[in-house]
Amino acid sequence: MNATASDLANELRNQGISRVDDSPLARALYSSDASLYRVVPSVVVRPQSRDELLAVHAVSRATGAPVTMRGAGTSIAGNAVGSGIVVDTRDLRTIYEIDPEARTARIDPGVIHADLQRAAAPHGLRFGPDPSTHTRCTIGGMIGNNACGNRALGYGRTVDNIEALTVLFGNGEQAAYADGVSSGETAERLQALVGSHLAHVRTEFGRFGRQVSGYSLEHLLPEKGGRVDRFLAGTEGTLATVLETTVRLVEDSPGRLLLVLGYPTMVEAADAVPSLLQVAPGRLIACEGMDARIADLVRAKGRAVPDLPKGAGWLMVEVAGQDAPDLVQRLAAESGALESRVVVDPLEAAALWRIREDGAGLAGVSLPTPAHSGWEDAAVPPEHLGAWLRDFEGILSDFGLHGYPYGHFGDGCIHCRIDFPFAPDSPESAQVFREFMTACASRLVTYGGSLSGEHGDGRVRSELLPLMYDSTSIDLFEQVKGICDPSELLNPGNIVRPASITDDLRPVRPRALPRTGLRLIHDHGDLGAAVHRCTGVGKCVAPKTVGVMCPSYLATREEKDATRGRARVLQEALDGSLVGGLGDPAVGEALDLCLACKGCASDCPTGIDMATYKSEALYQKHDVLGERRPRSHALLGQLPKWARLAAPFTGMANASLKIGPLAKIAKKTAGIDQRRSIPAFAPKTLKRSAPTAKLPETPDVWIWADSFTDHFFAQSGHGALAWLESQGLTVRVIGEKACCGLTWITTGQLDDARAIMEKTVRTLAPYVASGVPVVGLEPSCTATLRSDSVELSALPEAEVVRDGMLTFAELVTRLVGEGRVKLPDLTGVEVVAQPHCHQHAVLGWTADEALLTQAGAKVTKVSGCCGLAGNFGVEEGHYEVSVAVAETHLLPAVRSQPDAIVLADGMSCRVQLDDLASVPTMHLAELFASRV
């Protein structure tokens with residue numbers, strides 16, 4: 001029978017499944033993976049146990065609703081989207097056992113790859129394959145795709161590391177395979193099928209390591225042990241669902257060295273691969289190709305790139321062992337490279353691997369128009385790599401397309417994002433995509449290649465399988481599906497009886513183009529293009545991070561609270577049918593826990609800036625659509641105005657807020673959580689307590705008194721004045737009123753914010769243009785002038801201010817370089833530093849860290865967000881998440897070093913630490929001044 005979405009959801013709940021969601025929000029969140037496809041599910045389920053997972057399948061068989069399994073949702077081929085029940089496995093994350101002697105791990109399918117690595121590391125072990133998404137991908141998902149990753153050359157593919165598997169077939173049979181033995185009715189039927197086609201399977205399957213497309217029937221051969229467990233790797237959830245697995249662990253090779261080889265082009269890098277593989281057969285752990293233009297993109301984002309050899313294309317070769325130093329010298333000598341470099345520093349090596357891992361996201365924004373997945377991970381035997389890459393680049397040229405190839409060159413696998421000319425509301429624009437994919441597939445098979453080398457066929461390549469396999473093979477795939485999933489309930493439309501390559505494409509859907517309050521410079525004013533920057537690679541859904549993105553997801557582990565989830569809902573609001581525009585409650589729910597921290601603006605490889613999109617969405621909801629604003633927007637959202645009005649009466653205001661009933665009423669009126677304190681006003685504003693001046697006076701340094709420094713943390717300004725003057729400099733605070741409008745921006749009051757900003761940049765531009773350094777002390781306000789100013793205003797003064805404002809650390813770095821100041825002696829001083837999120841994302845913290853290190857301090861830099869984030873953490877309904885965010889990084893770091901000086905330049909960070917830990921904090925300027 002066919003059930004409606006609500007009937008299906010009710011039946012799932014009736015079977016005791018605890019997390020069932022058929023809301024428009026959930027369906028929008030799971031309508032896409034990291035592919036080009038949008039398929040809206042009827043219902044989303046997050047099972048909490050194996051019994052619940054089994055119950056999902058029982059409901060599927062009873063109702064006829066198909067099931068699509070999903071791990072982190074990073075599938076590039078469209079194999080994690082489906083129209084029936086989508087099952088998110090990330091709550092099935094138990095690691096039952098690590099056996100160091102057997103070198104195995106028994107785990108649930110939803111275990112995150114990086115969590116397994118952390119569990120195995122104390123034993124000197126690791127799971128071998130490591131996809132670029134290893135921080136968030138699940139082992140079950142890796143089995144589904146037969147994932148490989150950077151180090152498959154040395155450690156094998158996922159299939160090579162499966163020791164046991166417990167599965168549920170689509171036919172209802174539950175089977176457990178272990179010790180290389182596969183028994184049971186389904187296993188026997190599969191083995192018999194291959195047994196009747198031995199010659200064909202032996203010649204057509206398993207021809208080279210990256211032949212991943214279709215079903216890998218070679219594992220069912222008698223000489224391979226008829227291993228159904230390994231056969232199921234790469235079947236994309238179309239035959240069975242993984243319930244539990246035991247995987248092989250390998251020794252984490254000691255003494256790994258990275259050799260980087262530079263070549264004139266990527267093609268010439270590919271040509272060198274076969275000879276490198278012959279220098280030391282079986283010794284290379286990795287041999288990765290990376291285009292120089294991807295490194296250029298990293299530099300353009302202001303991130304450091306370690307020194308690299310001369311060339312436009314590089315091979316990154318990793319080896320290990322006691323003879324690794326000699327081996328890299330031999331490899332370099334035989335490489336034919338322009339230059340080579342051995343990277344000895346583990347931190348430098350890790351930085352290069354991070355760039356390589358971000359390749360998919362970076363490549364997606366590498367061209368003037370968006371670059372898409374599609375022809376994503378084709379592979380050929382490595383001896384044909386150079387020839388195939390030449391042909392591939394020729395086909396790109398023939399179609400007028402562009403892309404930067406990179407990938408697992410040692411395995412013959414190439415990744416590439418391509419600027420297919422998709423156009424919104426234009427299904428016919430997909431024709432070039434279809435013709436290009438067909439041309440590539442036709443040429444690839446002449447090299448004995450595989451349409452997929454590790455990501456699976458999914459919706460994007462399954463239709464092309466008859467170009468790679470003959471009719472006998474295609475018929476065998478059909479028979480396998482009939483044995484394992486006769487009712488076609490498991491991930492239909494993939495591999496067997498495939499969906500069309502051009503059905504359900506996201507980029508060709510109609511798209512609304514609202515009049516925007518922000519200029520959205522990087523996307524030419526197109527909010528749709530901005531939110532479609534999200535390709536779904538999911539760096540934001542890593543459960544642990546060393547960056548800032550995405551703090552609310554770290555606290556809740558809910559898809560709606562990730563940058564990707566929010567982007568998907570905004571996409572649906574603009575070009576979907578589930579979410580009724582930017583005023584829909586689903587948009588509000590998705591954005592509610594966004595801290596507007598801007599962490600994604602720097603940490604997301606595709607450049608998503610959810611803080612900006614949230615401001616725009618709030619503007620559309622309240623100012624364009626006319627929905628009434630909450631009280632907190634009028635009070636917290638205009639905090640600088642109220643602080644300015646209260647300035648003459650700060651003593652009275654501070655005293656009254658210490659009176660319980662009055663404080664309670666004030667918090668209720670402003671929409672502040674009662675558990676929060678209200679920050680005290682400075683007894684005297686900075687401008688009233690420090691020397692001020694106006695042009696044409698020309699001191700050595702101008703200090704801009706932003707609203708937070710002026711009215712709340714004047715001590716930061718006094719610290720900067722004291723230290724700079726101790727160095728013999730003349731310093732003045734700019735006496736004119738100049739607010740950046742940050743609180744208006746974050747609450748979406750963009751018309752008012754623009755008026756405030758334009759007045760401010762007109763005020764500050766002459767100071768900046770005078771040649772005297774102008775320094776901002778509050779990171780969030782300085783970052784607003786460095787980023788949001790030009791998003792709000794096209795005034796030339798906005799660019800002058802953006803380009804000329806300095807942070808305190810940038811100013812001191814310049815003055816040290818000019819020999820005008822000397823750093824204080826901080827030898828032996830322990831510092832725990834919490835960079836403000838906007839500091840991390842827009843300004844950078846490298847100058848601060850360098851100064852502290854040069855001054856002799858021992859610095860612990862805290863990752864992540866403090867959790868307060870302006871008005872977010874004080875608003876009603878956000879307290880628990882705000883505290884949970886603080887507990888991910890900040891509070892544990894502070895507790896672990898109770899005697900350290902806690903450095904926090906941002907007002908939000910200082911208030912949060914005072915509120916939750918009663919910890920005194922300092923601005924960098926105050927720390928320097930304390931040593932005068």
Side-chain angles (χ1 to χ4, degrees), residues 114 117 121 126 130-132 134-135 149-151 153-154 252-263 266 269 276 283-332 335 337-363 406-410 539 542 544-547 602-603 605 833 835 840 844-854 858-861 863:
Q117 301 293 51
R126 57 169 289 144
D130 56 350
S132 60
H134 61 88
T135 60
N150 297 339
R151 295 183 173 89
L153 191 63
D252 194 3
S253 304
R256 284 206 300 256
L257 284 180
L258 175 61
L259 170 68
V260 185
L261 303 164
Y263 296 88
M266 290 301 293
L276 290 173
R283 290 295 308 281
L284 274 59
I285 296 173
C287 181
E288 298 290 293
M290 187 171 74
D291 194 293
R293 290 165 292 190
I294 290 177
D296 290 341
L297 287 169
V298 177
R299 294 188 187 98
K301 294 180 72 172
R303 289 164 50 191
V305 175
D307 291 338
L308 290 163
K310 181 170 66 176
W314 298 298
L315 292 178
M316 298 168 59
V317 181
E318 188 175 78
V319 298
Q322 290 185 344
D323 63 341
D326 293 335
L327 183 52
V328 295
Q329 295 303 321
R330 287 168 50 204
L331 288 164
S335 67
L338 295 172
E339 285 184 0
S340 65
R341 183 189 172 211
V342 179
V343 182
V344 178
D345 184 350
L347 294 178
E348 278 196 304
L352 287 171
W353 283 119
R354 275 195 298 273
I355 294 169
R356 168 60 192 84
E357 289 164 3
D358 285 344
L362 292 168
Y406 64 98
H408 315 297
F409 278 29
K539 193 173 181 181
K544 292 182 173 59
T545 179
V546 294
S602 59
D603 293 357
H840 166 88
W845 200 71
T846 54
D848 305 67
E849 189 167 26
L851 289 177
L852 289 164
T853 302
Q854 291 168 27
K858 180 182 177 183
V859 183
T860 300
K861 177 186 174 184
S863 298

Check whether any side-chain heavy atom of [X] sits under 4.5 Å from a side-chain heavy atom of [Y], and report yes or no.
| X | Y | value |
| --- | --- | --- |
| Ser340 | Leu259 | yes |
| Glu849 | Gln854 | no |
| Val319 | Ile285 | no |
| Trp845 | His840 | no |
| Pro306 | Val343 | no |
| Glu339 | Leu308 | no |
| Leu258 | Val328 | no |
| Trp314 | Glu288 | no |

What's the spacing between [X] [atom1] and [Y] [atom2] if we round to 0.5 Å?
| X | Y | atom1 | atom2 | answer |
| --- | --- | --- | --- | --- |
| Tyr263 | Leu315 | OH | CG | 5.0 Å |
| Leu261 | Met316 | CG | CE | 11.0 Å |
| Thr860 | Leu852 | OG1 | CG | 11.0 Å |
| Leu257 | Leu327 | CG | CG | 9.0 Å |
| Met290 | Trp353 | CE | CH2 | 9.0 Å |
| Arg283 | Leu153 | CZ | CG | 12.0 Å |

Could you give all pairs that pass the salt bridge (charged side-chain N to carboxylate O under 4.0 Å, His left out) test and reach residues 305-319, with sequence neighbours left out?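 Those involving residues 305-319 are Arg151-Glu318, Arg256-Glu318.
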I'd like to know if Arg293 pairs up with Asp296 as an ion pair, taking the criterion as any Lys NZ or Arg NE/NH1/NH2 lying under 4.0 Å from an Asp or Glu carboxylate oxygen. no
Not counting sequence neighbours, which residues clear salt bridge (Lys or Arg N to Asp or Glu O under 4.0 Å) with Arg330? List them please. none
Residue pair [X] / [Y]: nearest heavy atoms and the distance that separates them:
| X | Y | answer |
| --- | --- | --- |
| Ala833 | Pro835 | O-CD, 3.3 Å |
| Val305 | Ala295 | CG2-O, 3.8 Å |
| Pro309 | Gly262 | CB-N, 4.0 Å |
| Cys287 | Val317 | SG-CG2, 4.1 Å |
| Gly255 | Ala324 | O-CB, 3.9 Å |

In terms of heavy-atom contacts, does NZ of Lys861 have more than 12 from other residues, nucleotides or ligands at under 6.0 Å?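 Correct, the count exceeds 12.
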When you look at Lys539 and Asp603, which way does the salt bridge (charged side-chain N to carboxylate O under 4.0 Å, His left out) test go after all the steps? CA-CA 8 Å; Lys539 193 173 181 181; Asp603 293 357; over 6 Å; no
Donor-acceptor pair, Tyr406 side chain versus Met266 backbone, under 3.5 Å?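 Judged by distance alone, no pair lies under 3.5 Å.
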Between Glu357 and Asp130, does the side chain to side chain contact (heavy atoms under 4.5 Å, CB included) criterion hold? Intermediate values first, please. CA-CA 10 Å; Glu357 289 164 3; Asp130 56 350; 5.7 Å; no
